[in-house]
Participant: 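Let me give you the structure first, and then I'll get to my questions.
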Amino acid sequence: MTEHRAGATAPTALPRLVGARVARREDGRFLTGQGSYVDDHRPARLLYAAFLRSPHAHARVVSIAASAALTLPGVAAVLTGEDVARSAKPVRAASKTPAVKVTSFPPLALGKVRHVGEAVVMVAAESRYVAEDAVERILVEYEPIPVVTDMEQALRPESPLLHDEAGTNLLVSREFGRGDVDEALAGAALVVRERFRFHRHTPVCMENRGCLAEYATGSGTLTLRSSAQCPGLVRDVLSDLLDMPEHRIRVIAADVGGGFGAKASLYPEEIATCVMARRLGRPVKWIGDRREDLLATTHAWDEIVEAELGVDRDGAIVGLRAQVTADVGAYSIYPWTAAIEPVQTISFLPGPYRVPTYRGRTRGVATCKAPLGPYRGVGRPPAVFVIEGLMDRAARQLGMDPTEIRLRNFVRDEEFPYKSPSGIVWDRASFTASLLRACEALDYAAVRAEQSRARAEGRWLGVGVASYVELTGIGSAIPVSPGMPIATGTEAATIRFDPAGKVTAVFGIASHGQGLETTLAQIVADEVGVPIDDVRVIHGDTEVSPYGTGTYASRSLVLAGGAAILAGRAVREKMLVIAGHLLEADPADVVMTDGRWAVRGMLDRSVAVREIARAAYTGARRLPTGLEPGLEATRFYDPYYGTASNATHVAVVEVDRETCEVKPLRYVVVEDCGRMVNPLIVDGQVHGGVAQGLGAALLEEVVYDDQGQLLSGTLMDYVVPSACEVPWMEVHHLETPSPVALGGFRGMGEGGTIGAPAAIANAVADALVPLGIEIAELPVTPDRLFRLIERARARG
Amino acid sequence: MKPPKFEYHAPKSLEEALEALGRYGGDAKVLAGGQSLMPLLNFRLARPTALVDLNRIGSLAYIREHNGQIRFGAMTRQRTIEFSPVVAQRLPLLKEATHWVGHLPIRTRGTIGGSIAHADPSAEYPAVLAALEGEVVARGARGERVIRAGDLFQTYLTTSLAPDEILTEVRLPVMPAGAGYALEEFARRHGDFAIIGIAAVVVREGPRCTMARLATAGAGPVPVRLRAAEQILEREGLGEAAIEAAARRATELVTPDADIHASADYRRHLTGVLTKRALTRAIGVARG
Amino acid sequence: MVTVRLNVNGVAHEGRCEPRKLLADFIREDLGLTGTHVGCEHGICGACTIMFNGEAARSCIMLAVQADGAELMTVEGLMRDGKLHPLQEAFREHHALQCGFCTPGMLITALDLLRTNPSPNDREIREGISAVLCRCTGYQGIVNAVRAAAPILVAGR
């Protein structure tokens, strides 16, 4: 592993924390029931909110009669879309590119509803029970309009139109390309093609979304506690929508029960709750229930991808052509817009391969369903499902092993940095090494031999490989979502010693399960030379943190970690100066040893950290002339392009010949997230990501009927895997430090979910080679597989 | 998701419970373990005027052996059944089925009477009641009556219990010594309701099958006794061909519905697969 | 309104509420014990699992009034003498939690599993904890933690 620190020599006498399996510092409160989730807060005079939600998928709102609700004892107020419109601007996810149509997303329906579950009226009452009673007493007259739920039908001119202002249901249209792919495919030795279907999913955080708004009329300040991944981003947009200066808005996302991207967007309920609290001058809390979560938290993926891959006789890729169609649902979400999913898919479709010619076209289509938003992997789970599925189809037709065709096409180690056909730069990656290591960990040859024996016995055993690369830690050069006008390329850290020598480190990111309180403390402790117990990390509170947006897009360890390194260095340099002054030595001669700062070669001349800290706050008497008192620094970090992580997943599955159930038998991951701060946490992120990808591949699916009614509206119907459905996972690490990101870190929170659907799909297809079945649709449920197998058997 | 308002009664005796129930003329619901009713209340899909909670009636929780039957007080918890030595010995099929009912924390509260009265056709206990030809006791204002399994289940979530009746006891005949048994179930996730479940009991005498019992979960609006499939075994014995024939026949005896988890065709197919598996396993543990 | 008297984590409590109040809400709002979480209110996710008279049960599908006279233990009652319960220790050591939301229900469920089956194999651990949904860990850390805690609990009896 390469040492990546620059600047002054890091203190070395304390145990190095970066790279160690440090148990998490947040666990103490979670294990004892002392977390601080939104719903744990009950300020005095609190009101509880509930929303009346649309039972129709597409309808005009003719009238709202709320008097029966208002007369119910305990009901404080009722808010309609028109009430909100008088106090807040409509949300419009702007875009700099004409490829994205900008449409309004009112916090409460204005004039019409566009999906079942859309919030129409808000009630605030003395308890949630009463609020729900009141919701039932509100009479809304709807005039149903024809519904469109099929994304391809929605593109037809005669289809019902969701947004008149757009004039079309085609909200996003974009194309990426390199070279003449048509000519390349025409001349290819083999072209494989498929129409892939990756159905709609939803993140299902165990904590439902919720928020608590308090408006202090005396000071004119608004405090919003929200189960948000991006408190900074919410603060910024609320300032605009509510026409309040940012410094009067505080957004707190303390403990958040999972996010996975679902809590990275601005939600209607957050705005409505603020409006209600400001209007009433009382705290208002809305805690979504599971039905609301399944109806109105952003959904994910939901794409049709028609793709063709051309290879030469040796299996080398000559061209890739694809058309992506995404069902983006009823609204374009803030700030990511409806483009985030469909554009990300064509951006990452070429995968870790040398693709000389490429054309990816993408379309985002509005339908009468919940809005599509970011979910772990964003666009890449479908992209990897498609490219890895095509690679396997090509390998099968050429009689090559799936590992061989991949090794032949990977961007080679000497080709980094490599610019992908969609313009993304892979700084340095271990595509080849990760696949080879995965084969070794699995004992690939032995598994193939076992597969042959199993086949001879009539059993359906399959091996599926998926390799991928993901952009992480995106800096200011690239918008996280195309055309997005807001900047998300930086994060900051404030590192502050108190006079007793303890450290507070404050960040604008917001940990919601990733363990950033631990990993960032590890980095800070190493940088300033204190034990980890002397570092307290604060995050998720815009009032106390330097400017930042939050945690999403596998960015926090890269951006906040980089900022921690920069701030830590600045503090350390000052500590050296103060220590030199106290020791009457040249700061260049000061070294750190056994937790003390000493003069090189004269270790008995030393001061403790706390003496340096105290001196820093004592004033001029104890400081070198002209040195500003205090011991803290705030630094911003912008990794500019960002970096990348890669991995290879290998799944071994058996398909039950009779029940058509897919049983994962083994699951191997070899991932490379650069320099690991905490392998324990890296493993945990991989495990959780793979479980979600596996759920996406086998169990989970959001289902609407053709009238836009949600059929998967409970956790019995939307099937999240339990411990019995998730196999043991074998996780191995490569550490190729990022050459471009400080610390050598690469982001890695999403990867597990990116690789797993493809690996499972390929394994199932491999198991069913005797029947000639390809897997083009996920999730591959037992019922779908049953029908595929019946059809194949009927063919003979 | 909070329950709507209701009047609440927690009688200490069955008589008081019947009296309370009678007062509402069908607008009250009986609350047993609550593992199905409480979700329905939380979703506000059930809106009774009143709840009559049986959980304070201690006399409704018991397991007794009587006249070749095991009799369960309606409020006997599934968890109690799971760990009951009498059940393990006399009704091993019920013990096995109990393991498939939700999860242990569900079984802590869930009751045998509640599960049967709720009449979810995907649930395990109704299938066991059907397979073992059990009966239930209903008490109402007009007295007590015994309802056979075959007469109890009407359609989805509907029984022949009158609105003012309370299911007080479940009676299952002791399984013949040495009977083979199995409950095979396929669900998409462990602990979920069955897409298809098959309860099987076989009694063998040498190569002959003197009694076969097969009942389904998830294969239609009520648990289905697969009598014609049973008869194949009772006629032809327990050889592989007979099992195959019975399984095939089973698929013809069910008319399952489709939902988002499984099509009717797939459920029918699974009925055959699981019938075969249940019979094979049951025969494997049968003595005689 | 009804009166509910009960014992939670060894402490007697009394409260008044509507009969329809869910036990989970009563624990959180009336008793202020917010460690018990509410995730689905239809008995599937298990985040609200508590010990009810010594047996794990879902508090989101019970009424508070039904707990009148009962003895409950919530996640707040696991620590003894200021020290983490061995199961809590194992959860920390094996990274069996991330966002922490399912953790209270998971701990109570795992404890109930180990009381009814003190030496479970991995299959039995998975079946036991399948009563609670976790979206973060992929369950691997939890399986490891329960496996590691089992002999410690046996030894501590």
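Reckoned from all heavy atoms, side chains included, excluding hydrogens, waters and symmetry mates. Residue numbering restarts at 1 for every chain, and letters A, B, ... go by the order of the sequence lines.
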Participant: Is it the backbone or the side chain of A:I681 that comes under 4.5 Å from a heavy atom of chain C, or both, or neither?
Facilitator: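 Its backbone and side chain both get close to chain C.
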Participant: Between A:R128 and C:D25, does any NZ, NE, NH1 or NH2 come within less than 4.0 Å of an OD or OE carboxylate oxygen?
Facilitator: no
Participant: Kindly determine whether A:E700 and C:R135 satisfy salt bridge (Lys or Arg N to Asp or Glu O under 4.0 Å), including the steps that lead there.
Facilitator: CA-CA 13 Å; A:E700 300 174 33; C:R135 200 55 159 160; 2.7 Å; yes
Participant: Sequence neighbours excluded, which residues qualify as salt bridge (Lys or Arg N to Asp or Glu O under 4.0 Å) partners of C:R80?
Facilitator: none
Participant: Please classify the contact between A:Y129 and chain C as side chain, backbone, both or neither, with a heavy-atom cut-off of under 4.5 Å.
Facilitator: both
Participant: Where do C:I44 and A:T714 land on the side-chain contact (heavy atoms from CB on, under 4.5 Å) test, with the steps shown first?
Facilitator: CA-CA 9 Å; C:I44 304 297; A:T714 74; over 6 Å; no
Participant: Side chain, backbone, both or neither: which part of C:T103 has an atom under 4.5 Å from a heavy atom of chain A?
Facilitator: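 The answer is the side chain of C:T103.
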Participant: Can you tell me which portion of C:E41 sits under 4.5 Å from chain A's heavy atoms? Options are side chain, backbone, both or neither.
Facilitator: side chain
Participant: Any idea which of C:H94, C:M106, C:R92 has the most non-hydrogen atom pairs under 4.5 angstrom with chain A?
Facilitator: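 The option with the most such pairs is C:R92.
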Participant: Measure distances from A:E26 to the heavy atoms of chain C and classify the residue's part below 4.5 Å as side chain, backbone, both or neither.
Facilitator: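 When you check distances to chain C, no heavy atom of A:E26 falls under 4.5 Å.
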Participant: Who wins among A:P721, A:G689, A:G515, A:A23 for the most heavy-atom pairs under 4.5 Å with chain C?
Facilitator: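 Highest number of pairs under 4.5 Å: A:P721.
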Participant: What part of C:R20 gets within 4.5 angstrom of chain A, counting heavy atoms only: side chain, backbone, both, or neither?
Facilitator: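 Contact with chain A is through both the backbone and side chain of C:R20.
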Participant: What option among A:C724, A:G257, A:P727 has the most heavy-atom pairs under 4.5 Å with chain C?
Facilitator: A:C724
Participant: Counting heavy-atom pairs under 4.5 Å with chain C, which one of A:V726, A:T32, A:D289, A:D40 comes out on top?
Facilitator: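 Going by pairs under 4.5 Å, I would pick A:D40.
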Participant: Among C:C102, C:C40, C:G43, single out the residue with the greatest number of heavy-atom pairs under 4.5 Å to chain A.
Facilitator: C:C40
Participant: Pairs under 3.5 angstrom only: tabulate donor-acceptor contacts from the side chains of residues 63-73 of chain C to other protein residues two or more places apart or in another chain.
Facilitator:
{"residue": "C:Q66", "atom": "OE1", "partner": "C:L63", "partner atom": "N", "Å": "3.0"}
{"residue": "C:Q66", "atom": "NE2", "partner": "B:D53", "partner atom": "OD2", "Å": "2.9"}
{"residue": "C:D68", "atom": "OD1", "partner": "C:R5", "partner atom": "N", "Å": "2.7"}

Participant: Sort A:D255 into side chain, backbone, both or neither according to what part of it lies under 4.5 angstrom from a heavy atom of chain C.
Facilitator: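 For A:D255, neither part sits under 4.5 Å from chain C.
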Participant: A:D683 versus chain C, heavy atoms under 4.5 Å apart: side chain, backbone, both or neither?
Facilitator: neither
Participant: Walk me through it: do A:E207 and C:H37 pass the test side-chain contact (heavy atoms from CB on, under 4.5 Å)?
Facilitator: CA-CA 8 Å; A:E207 179 206 31; C:H37 294 156; over 6 Å; no
Participant: Taking A:D27, A:L694, A:N208 one by one, which has the highest count of heavy-atom pairs under 4.5 Å against chain C?
Facilitator: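 Option with the greatest count: A:D27.
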Participant: So what's closer than 4.5 Å to chain C heavy atoms on A:R24: side chain, backbone, both or neither?
Facilitator: both
Participant: Quick one: what part of C:L84 sits under 4.5 Å from any heavy atom of chain A, side chain, backbone, both or neither?
Facilitator: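 Interface part for C:L84: side chain.
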Participant: Given the options A:G259, A:G684, A:A723, which has more heavy-atom pairs under 4.5 Å with chain C than any of the others?
Facilitator: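 Highest number of heavy-atom pairs under 4.5 Å: A:A723.
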Participant: Check whether A:V256 gets within reach of chain C through its side chain, its backbone, both or neither, counting any heavy atom under 4.5 Å.
Facilitator: backbone
Participant: For chain C, which of A:G33, A:S36, A:G513 has the most heavy-atom pairs under 4.5 Å?
Facilitator: A:G513
